[in-house]
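Note that the coordinates shown come from a computational prediction; the quantities given were computed from them, not determined experimentally. Proteins come first, then strands; the chains are lettered A, B, ... in the order of their sequence lines, and each starts at number 1.
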Number of protein chains: 2
Amino acid sequence: MFTDVDGRALADFPRPSVAVDTALMTVIPATHDTLARLGVLLVRRPPQSVGAAAGWALPGTFLHEGETLAEAVRRSLEVKAGVTGREPQQLHVFDDPARDDRGWVLSVAHLDVLSFVDLELLRKPANSRIVALPSRLRLPYDHLAIIDLATERLRREYRAHPDPRRLLHESFTIADLRAVHEAVAGRELQKDTFRRLMIDELESLPAAAEGRRGRPAQLFGRSARHAE
Amino acid sequence: MFTDVDGRALADFPRPSVAVDTALMTVIPATHDTLARLGVLLVRRPPQSVGAAAGWALPGTFLHEGETLAEAVRRSLEVKAGVTGREPQQLHVFDDPARDDRGWVLSVAHLDVLSFVDLELLRKPANSRIVALPSRLRLPYDHLAIIDLATERLRREYRAHPDPRRLLHESFTIADLRAVHEAVAGRELQKDTFRRLMIDELESLPAAAEGRRGRPAQLFGRSARHAE
DNA sequence: GAAATAGTGTCTGTAAGACACTATCGG
DNA sequence: CCGATAGTGTCTTACAGACACTATTTC
C-alpha cells in the first residue's frame, strides 16, 4: 500500500486548489419602520462562470503563493467589492472533493465585520449588494452554510460583551448598543437586563446624546480594561 | 494588476500542499498516586525528515486527491500509529507561508478523542507514545498550539455535558464520570455541584457498582434524550 | 464500630428575567 | 401638563459554590 512520508518530495503529490470565501457581515441600520438587521455582502458572480448560473455569491478568491489566508480574504474583498476588510477569522474548511465541479477545491470559510457606513462608502454598487438576513436567495456552493456559521459565531461574540467587533464608534448610548446587539442576536433584548450586563465594560463619558426625543441618554465608551 | 477570476483555469495557479495534523487526545487513568490526566498521542518523526531534528510530533499526513480532511486524519492515525480515529474535528488552518521549510504547506489542525484502553490496544508502541499534558516536550511546527487549541475545545465540550466524546462505556458511576471530567478540566470539580449539573442528562440503571470500597455507587447510562 | 465512599439538605451569593417605578428632556 | 425615552428598585427564580450532614457498604 502506498503511504506518504514526511520526507518525500512535496511535488510528487497532487495538490488541491485552496480558496477563501468570506461572509462580510454588517448591521443594517433601522429605518422608520424596520429594526436594525444583520446583513451580509454579496458580489456578482462573473458571467463566464462554468457549471453554475451567474448570480450572487460571497466574495472569494484563490489563495496565491506566499500569501496567508487572511491576506487572501482582504484581497478578495478589495478586488471583488472595493472593500478593505479588518480581521478575517477562520470558520471552517469545506472539503468535499466534489463540491466544486471545476476541480478539486478546498474552501476556507471566513468571517469579517464592517460597519454599514464604512461598507456603503467603500463598496462598488454595481458589483455588490448587501442583503438582510435571513435571506431567501439561492447561493452557490456552501455559501448558505458559511453565512449560518458566521451568524452563529457573531452571536456568541456579542452575547456577553459590548460590540466586540466595533460596529459603533467611540461614543454611543446604551440604546445604540442595544440596537446593534438586537440585530446580531436576531431578537429583542430586555433593556434593563442588557444594561446591567454591559455596564461593567463601559465607561461613561462627560457628555449626553443630543438631538433625540425624550430624556437625553448618557454617552459611553469602551472601558480601558475591556477595550483590548 | 493581476487578479484571478472564478472562471480562470485552476491549473494556472500554484497550489499549496495541504496537510492535516491531529491532536488525538485521551484520558490517562489514575494510578495509586496520580490522578487521571489528559494525554495526547505522539508519533516518531521519520529520521529522513529534512530541516528538523528527528523526534516526536503529532501524527499528520498530506491530503490525497479525492479525499476529505477527516479521511486523511483517519488514514494518518491508522498508518502512523495503527489507530482508528472516530470523529476528527477541525480546529484551525495554519497558513504561515514560511511555517514549513520544505515548501508551501498549509496544515489543518484536527482534534480526535479515543479512550486510553482503545488507544493502548491499537497503537504501535515502537512508533508512538502517549504523553501527559501539559508536557515539556519540544514539538515541531505549530504542534504545541494545536494541542492547546484541542485542550481548550475539549474543555468547553466537557463543561456542561456528561462525557460527550464517550470516553466511558455504557455504564459508569458519577465518580467515574467526575474523574474523566477532572482530567479534561485539569482541576478538581466539586462532587455535589458536579452531580447536580450532570444528573439531568443521565439515566440510572438498575444496578450498582461492585468491587469497590465504601458504599456502592449507582450506575448510570446516558439518557436517551441526550445520547444524540 | 471505623473507614471509606455515595448521595443529599440547605445556606449564600450572584445573576437573569420581569415588572413597575422614577427621572429628565422637548414641547 | 403630556409624550417620550433613560435609568433604577426590587421581586422571583435559578443555579453555582460551599459546607455539613446522612446513608450504605467493607473490614
Side-chain angles (χ1 to χ4, degrees), chain A residues 29-33 35-36 155-156 158-163 168 171-221 223 226, chain B residues 29-36 155-163 168 171-221 223 226:
Chain A
T31 62
H32 62 288
D33 60 351
L35 297 173
R155 283 184 181 163
R156 185 156 56 210
Y158 270 74
R159 262 175 55 140
H161 300 283
D163 190 26
L168 294 168
S171 73
F172 45 83
T173 69
I174 293 198
D176 299 333
L177 184 65
R178 185 159 71 110
V180 169
H181 280 251
E182 287 182 336
V184 171
R187 65 187 182 89
E188 193 181 350
L189 302 173
Q190 251 181 238
K191 78 167 181 177
D192 44 7
T193 303
F194 180 78
R195 181 189 188 85
R196 280 185 265 251
L197 181 62
M198 295 294 163
I199 199 80
D200 290 343
E201 301 185 27
L202 298 176
E203 194 164 275
S204 70
L205 303 177
E210 296 175 359
R212 314 192 194 192
R213 282 181 300 183
R215 171 176 169 180
Q218 180 67 48
L219 284 175
F220 291 87
S223 71
H226 297 89
Chain B
T31 61
H32 62 289
D33 60 352
T34 67
L35 296 174
R155 283 185 181 161
R156 186 156 57 211
E157 288 184 15
Y158 270 75
R159 262 175 57 140
H161 300 284
D163 190 27
L168 294 168
S171 73
F172 45 84
T173 69
I174 292 197
D176 299 335
L177 183 67
R178 187 159 71 109
V180 168
H181 279 250
E182 287 182 335
V184 171
R187 64 185 183 90
E188 192 181 351
L189 302 173
Q190 251 181 239
K191 78 168 182 177
D192 44 7
T193 303
F194 180 78
R195 181 189 189 86
R196 280 185 266 251
L197 181 62
M198 295 293 164
I199 198 81
D200 289 344
E201 301 185 27
L202 298 176
E203 196 164 272
S204 70
L205 303 177
E210 297 176 1
R212 314 191 194 193
R213 282 180 302 182
R215 172 175 167 180
Q218 180 67 47
L219 284 175
F220 290 87
S223 71
H226 297 90

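- Judged by distance alone, with hydrogens and angles left aside, the side-chain atoms of B:Glu182 form a donor-acceptor pair with the main-chain N or O of B:Leu189 at under 3.5 Å.
- In terms of heavy atoms, A:Leu205 sits closest to A:Gly221 at CG-N, 3.8 Å.
- Straight-line distance from the CG atom of B:Leu219 to the P atom of D:dT25: 14 Å, rounded to whole Å.
- Remark: side-chain polar atoms of A:Ser223 are paired, donor with acceptor, to backbone N or O of A:Glu201 under 3.5 angstrom.
- Between B:Leu197 and B:Ala160, the shortest heavy-atom contact is CD2-CA, 4.4 Å.
- In this structure, B:His181 contributes its side chain and B:Arg159 its backbone to no donor-acceptor pair below 3.5 Å.
- Under 4.0 angstrom from either OP1 or OP2 of C:dG7 there lies no side-chain N or O belonging to B:Arg215.
- For A:Gln218 and C:dA23, the CD to P distance is 17 Å, given to the nearest whole Å.
- Across all strands shown, B:Arg196 has heavy atoms under 4.0 Å from base atoms, whether or not it also approaches the sugar-phosphate.
- If B:Gly214 and A:Thr193 are placed on DNA chain C by their nearest nucleotide, the residue sitting closer to the 5' end is B:Gly214.
- Put simply, B:Arg195 has a side-chain N or O that comes within less than 4.0 Å of OP1 or OP2 on C:dG7.
- Rounded to whole Å, the distance from CE on B:Met198 to P on D:dC15 is 14 Å.
- For B:Arg213, the side-chain atoms get nearest to C:dA4 when compared with the rest of C:dG7, D:dA16, C:dA4.
- Between A:Leu202 atom CG and D:dG7 atom P there is a gap of 11 Å when expressed in whole angstrom units.
- When the side-chain nitrogen and oxygen atoms of B:Gln190 are compared with OP1 and OP2 of D:dG17, none of them lie within a distance under 4.0 Å.
- Within 4.0 Å of A:Ala175, counting heavy atoms only, lie sugar-phosphate atoms of the nucleic acid but no base atom.
- Distance A:Glu210 CD to D:dA4 P: 22 Å, rounded to the nearest Å.
- The nearest whole Å value for the distance from the CZ atom in B:Phe194 to the P atom in D:dC15 is 17 Å.
- Atom pair B:Arg178:CZ and D:dG17:P shows a separation of 13 Å (rounding to whole Å applied).
- Candidate nucleotides D:dG7, C:dT10, C:dG7 were compared by shortest atom distance to the side chain of B:Ile174, and C:dG7 ranks first.
- Residue B:Pro216 has its side chain nearest to D:dT25 when only D:dT25, C:dT24, D:dA6 are considered.
- Rounded to an integer number of Å, the gap from A:Arg159 CZ to C:dA16 P is 11 Å.
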